[in-house]
Enquirer: 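Have a look at the structure that comes next, please.
Chain letters run A, B, ... following the sequence lines, proteins first, then strands; residues in each count from 1. Hydrogens, waters and symmetry mates play no part in the numbers below; they use all other heavy atoms, side chains included.
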There are 2 protein chains.
Amino acid sequence: MTSNINCSTCIIKSSAAKALNPEQLSELGENCVQIDFKKGDVIFKEGTFSVNITYLREGVVKLHTEGKASQILKITKGPKYLGIPTTFEEKINHYSATALEDSHICFIHTDIFKSFIEENKKFAYEIIVELCNSELELFRKCVNRTKNNVYGRLAHALLFFQEKIYESNSFHLPLSREELGNFINITRESVSRVLTELDTDKMIKIKGKEIEILDVDALKRLSAV
Amino acid sequence: MTSNINCSTCIIKSSAAKALNPEQLSELGENCVQIDFKKGDVIFKEGTFSVNITYLREGVVKLHTEGKASQILKITKGPKYLGIPTTFEEKINHYSATALEDSHICFIHTDIFKSFIEENKKFAYEIIVELCNSELELFRKCVNRTKNNVYGRLAHALLFFQEKIYESNSFHLPLSREELGNFINITRESVSRVLTELDTDKMIKIKGKEIEILDVDALKRLSAV
DNA sequence: GATAAAATGTGATTTGCATCATTTGTAAAT
DNA sequence: ATTTACAAATGATGCAAATCACATTTTATC
């Protein structure tokens with residue numbers, strides 16, 4: 001489903017878009033297309049040309065490398081811009097984006113996006129804030145992935161879904177065991193083993209992909225570097 | 001050595017500062033202090049308040065976590081801004097910065113830096129470009145660190161110093177074996193072992209910290225994911 | 001509902017690298 | 001030159017997690 005949209009009345013604006021004036025918002029609507037993606041749909045693919053700024057309005061998305069030993073670089077929830085670095089600085093996508101939940105994505109012409117940065121100081125400022133947060137998050141991820149063992153990394157990932165994505169102690173894991181492994185760099189088999197062990201220790205309750213966090217503190221202790 | 005400086009005549013401007021007009025440059029000079037750091041000097045420390053934007057004008061710096069199992073998050077060469085994310089979004093430094101070579105750093109008042117972003121669109125744009133590049137680099141580092149074994153990671157690090165820092169096949173490694181290990185997440189002992197092995201295989205020549213790259217292609221093959 | 005295909009669980013085995021334990025080298029201090 | 005102290009090399013051992021192999025469950029397809 002593709003549709004030209006009215007950004008002025010959109011209630012899920014990015015903090016940057018909130019800074020745009022009515023004229024700029026209508027301009028945005030004219031240079032912007034919203035596309036709906038279903039769980040599992042590929043949004044953009046590593047190696048292809050990056051022609052638009054992608055704005056994840058609503059939904060959950062993974063950024064990941066391709067190939068058999070694929071790695072999930074980031075999992076993020078809307079509202080958030082995806083791949084600004086790629087579109088801005090490299091013409092080619094260095095990673096793919098795939099929907100983990102049904103998602104609404106707005107594809108924005110790069111030119112209009114750049115012009116907003118030049119015309120609207122608040123807009124530029126908010127984009128910088130978003131990029132800054134992104135970098136800090138990546139640093140934290142780097143430290144966690146190398147300092148923690150499999151238990152700590154898995155605990156960290158579960159808390160990430162609980163706090164940052166679903167904001168609930170119970171959630172449906174949007175990843176297979178293998179994908180979860182690709183997210184925290186452990187194998188499918190080890191994910192299984194550790195999950196059942198955490199279940200046995202009554203820290204979580206698992207039934208397939210349904211996860212319930214029973215003991216947040218215990219998981220926090222495990223994931224503490 | 002501390003000195004108030006004249007940014008107008010400075011020939012090592014960041015690409016962002018190049019966009020400033022004469023008036024703004026003189027304003028920058030009034031709100032900016034240059035300090036010289038010697039190899040090994042701490043520039044700012046994890047846990048302290050981040051009060052200024054730090055501009056690495058000239059030199060080589062490592063960003064790293066503290067504690068016994070310290071991790072080197074990034075090694076970078078001037079001209080480049082350090083820790084924009086921290087100053088912008090968090091008041092407290094999440095990592096330390098230490099000079100690996102004698103370095104000149106300009107400490108810029110955060111307020112004036114933010115006002116340039118709001119007043120000068122080209123300035124903001126260039127800051128965004130720098131942040132974008134930084135994020136892409138971090139992604140690449142993440143992939144390399146998890147997909148490669150110790151040989152690949154060490155080869156990658158050596159090529160990094162050759163290409164990105166010293167732009168020469170021969171260079172003095174600015175890190176101890178232990179620090180090099182902290183950079184690529186391997187132990188001191190393994191660094192030694194792998195280095196001597198690469199020397200035996202005639203890919204590099206080592207004498208203490210003096211390194212000569214003999215076979216770039218072989219190292220590239222090792223570091224290819 | 002039957003069959004195929006994919007995802008998951010689990011035990012046995014291997015291995016890459018860390019850890020531990022010494023030795024050797026090197027550079028500053030006396 | 002000799003002592004002191006730290007950095008680096010090297011060999012032996014241990015272990016966490018990967019790999020392998022196969023059983024079992026779940027999901028998809030006809």
Side-chain angles (χ1 to χ4, degrees), chain A residues 38-41 62 64 67-72 98 100 144-158 172-201 204-211 222-223 225, chain B residues 38-40 62 67-72 98 100 144-158 172-201 203-212 222-223 225:
Chain A
K38 281 213 275 296
K39 193 173 174 148
D41 287 350
K62 64 169 177 177
H64 58 104
K68 78 165 187 57
S70 134
Q71 187 179 11
I72 296 180
T98 303
L100 293 179
N144 175 272
R145 294 301 138 83
T146 52
K147 288 276 158 288
N148 270 348
N149 61 14
V150 287
Y151 297 90
R153 301 213 295 278
L154 193 40
H156 188 89
L158 294 174
H172 179 92
L173 191 72
L175 303 171
S176 69
R177 300 293 190 263
E178 175 147 30
E179 287 175 306
L180 183 52
N182 293 338
F183 185 39
I184 53 182
N185 305 315
I186 58 184
T187 56
R188 174 180 77 70
E189 294 93 329
S190 294
V191 171
S192 284
R193 268 185 277 263
V194 174
L195 276 180
T196 51
E197 204 168 327
L198 294 181
D199 183 288
T200 309
D201 295 348
I204 61 173
K205 201 159 88 189
I206 42 171
K207 175 131 203 306
K209 288 181 177 170
E210 298 305 322
I211 304 231
L222 271 184
S223 74
V225 180
Chain B
K38 282 213 276 294
K39 192 172 175 151
K62 65 169 177 177
K68 79 163 187 58
S70 134
Q71 187 177 13
I72 296 180
T98 303
L100 292 179
N144 173 272
R145 295 300 138 83
T146 52
K147 287 277 157 286
N148 269 349
N149 61 13
V150 287
Y151 296 90
R153 302 213 294 278
L154 193 41
H156 188 89
L158 294 174
H172 180 92
L173 191 71
L175 305 170
S176 68
R177 300 293 191 265
E178 175 147 30
E179 287 176 306
L180 183 52
N182 292 340
F183 185 40
I184 54 182
N185 305 315
I186 59 185
T187 55
R188 201 189 85 229
E189 294 93 328
S190 293
V191 171
S192 284
R193 268 185 278 263
V194 174
L195 277 179
T196 51
E197 204 168 327
L198 294 182
D199 183 289
T200 309
D201 295 348
M203 295 185 192
I204 61 173
K205 202 159 87 190
I206 43 171
K207 175 130 204 305
K209 288 180 177 172
E210 299 303 324
I211 304 232
E212 192 186 345
L222 271 184
S223 75
V225 181

Enquirer: At how many degrees, to 10°, do the end axes of the helix from C/dG1-D/dC30 to C/dT30-D/dA1 meet when each uses five pairs?
Expert: 50°
Enquirer: Whole angstroms only, please: what is the CZ-P distance between B/Arg177 and D/dC6?
Expert: 19 Å
Enquirer: Between A/Thr187 and D/dA18, is there a side-chain N or O to OP1/OP2 distance below 4.0 Å?
Expert: yes
Enquirer: Which atoms form the tightest heavy-atom contact between B/Ala157 and B/Leu180, and what is the distance?
Expert: CB-CD1, 4.2 Å
Enquirer: Nearest-Å distance, CG (A/Leu198) to P (C/dG9)?
Expert: 12 Å
Enquirer: Looking at A/Lys62 and A/Glu179, is any side-chain nitrogen of the basic one under 4.0 Å from a carboxylate oxygen of the acidic one?
Expert: yes
Enquirer: Decide side chain to side chain contact (heavy atoms under 4.5 Å, CB included) for B/Phe183 and B/Arg153; before the verdict, give the C-alpha distance in whole Å, the side-chain angles of both, and the deciding distance to 0.1 Å.
Expert: CA-CA 10 Å; B/Phe183 185 40; B/Arg153 302 213 294 278; over 6 Å; no
Enquirer: Identify the two heavy atoms, one from B/Leu175 and one from B/Lys209, that lie closest to each other, and give their separation to 0.1 Å.
Expert: O-CE, 3.5 Å
Enquirer: Of A/Arg153 and B/Ser190, whose nearest nucleotide on DNA chain D comes first from the 5' end?
Expert: B/Ser190
Enquirer: Please report the closest heavy-atom contact between B/Gln71 and B/Asn185, naming both atoms and the distance.
Expert: NE2-OD1, 3.2 Å
Enquirer: How close or far is atom P of D/dA18 from atom OH of A/Tyr151, stated in whole angstroms?
Expert: 11 Å
Enquirer: Test for a donor-acceptor pair under 3.5 Å between the base of D/dT19 and the side chain of A/Arg193, counting only N and O atoms.
Expert: yes
Enquirer: Got A/Arg177 and A/Glu189 here, is their nearest side-chain heavy-atom distance under 4.5 Å?
Expert: no
Enquirer: Hey, does A/Ser176 reach any base, or is it just sugar-phosphate, or nothing, if we go heavy atoms under 4.0 Å?
Expert: sugar-phosphate
Enquirer: Whole angstroms only, please: what is the CD-P distance between B/Glu179 and D/dC6?
Expert: 16 Å
Enquirer: Once you apply a heavy-atom cut-off of 4.0 Å, does A/Lys207 come out as touching a base, just sugar-phosphate, or nothing?
Expert: nothing
Enquirer: Please give, in whole Å, the distance from D/dA17 C1' to A/Arg145 CZ?
Expert: 16 Å
Enquirer: A/Glu189 has an atom CD; how far is it from atom C1' of D/dT25, in whole Å?
Expert: 16 Å
Enquirer: Hey, does A/Ile186 reach any base, or is it just sugar-phosphate, or nothing, if we go heavy atoms under 4.0 Å?
Expert: sugar-phosphate
Enquirer: Would you say a side-chain N or O of B/Arg188 is under 4.0 Å from OP1 or OP2 of D/dA8?
Expert: no
Enquirer: How many Å lie between NE2 on B/His172 and C1' on D/dA7, as a whole number?
Expert: 13 Å
Enquirer: If I take atom CG in residue B/Asn149 and atom P in nucleotide D/dA18, what distance separates them, rounded to the nearest angstrom?
Expert: 14 Å
Enquirer: Between A/Glu210 and A/Lys205 (salt bridge meaning N to carboxylate O under 4.0 Å), is one present in this structure?
Expert: no
Enquirer: For B/Asp199, which contact category applies under a 4.0 Å heavy-atom criterion: base, sugar-phosphate, or nothing?
Expert: nothing
